[in-house]
Amino acid sequence: MKTLKEVLDNSRRIAFLGGAGVSTESGVPDFRSSNGIYKARQSYGYPPEVLLSRSFFDSNTEVFFDYYRKNLLCPEAKPNRAHTALAKLEQQGKLSAVITQNIDGLHQAAGSRNVLELHGSVHRNYCMRCGRFYPMETVLNSTGVPRCECGGIIKPDVVLYEEGLDTRTLQSAVTEIARADTLIVGGTSLVVYPAAGLVDYFGGRELVLINLSTTSRDSEATLCLHEKIGEALGEAVGC
Ligand code: ZN
């Protein structure tokens, strides 16, 4: 059986598609995990998909920000071996894009440059009235509803439930996957939209799946690893 290192050595244009599992090794909790759903129901009486919906943001803004600060902002999180390995592959000219469902900015913190953030980023926040930009710290260090100097509400540039994905980001993701000779999918069980559908655009040689548990596409993979993504990628890339 071929190894991940052999696949990477023989690849010229890799695209990476990642989910929450990439960041859990950095200590970022997955709010969609069974524990995350349980905690949300216990503390707020709602599941995460309600707390993080646009209608809830509009109608219960203060509760939204309380949940958001405590569960989606992880200022202490640092990149792990998976982030570092992907940044190194990009520097070597072998990887063209990291496409992620995560909003924590850890790929950029590790040095990756072409990062397509399907669900936005906690590091970008905008006043809903005047459009002024604010960093994560403004939201983190505020209480109640964070307000701009103009009085407008500062909204995280994070795609909420009921909101559409940014079409340009999605189109770029489709293009990168369609052009890749190797697609590595990691840290996702491929059930959350849009990751599952994006895999269908891949027409290259090697489809690599790295996830602790089985995924819905395991049978289609040319290499399938059920292990921690940080260890698998770190070992293969040597970092
Ligand atoms: Zn403003």
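Only this structure's heavy atoms are used, side chains among them; waters, hydrogens and symmetry mates stay out. This chain uses plain numbering: 1 for the first residue, then up along the sequence. Predicted model, so just to flag it, every value in this text is computed and none were measured. We count ligands from 1, going down the list as the structure has it; atoms in each ligand are counted the same way.
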Do the charged groups of K2 and E206 touch, with an N to O distance under 4.0 Å? yes
Donor-acceptor side-chain pairing of E176 and Q171 below 3.5 angstrom: no
So does E149 have more than 12 non-hydrogen atoms from other groups sitting under 6.0 Å from CD? no
Donor-acceptor check, side chain of R69 to backbone of S142, threshold 3.5 angstrom: yes or no? yes
Given 3.5 Å as the limit, does a donor-acceptor pair link the side chain of N10 with the main chain of E6, or not? yes
Under 2.8 Å from the Zn ion (ligand 1), the protein N, O or S atoms, given as residue and atom: C127 SG, C130 SG, C148 SG, C150 SG
Would K155 count as a cation-pi partner of Y126, with NZ or CZ less than 6.0 Å from the six-membered ring centre and within 45° of the ring normal? no
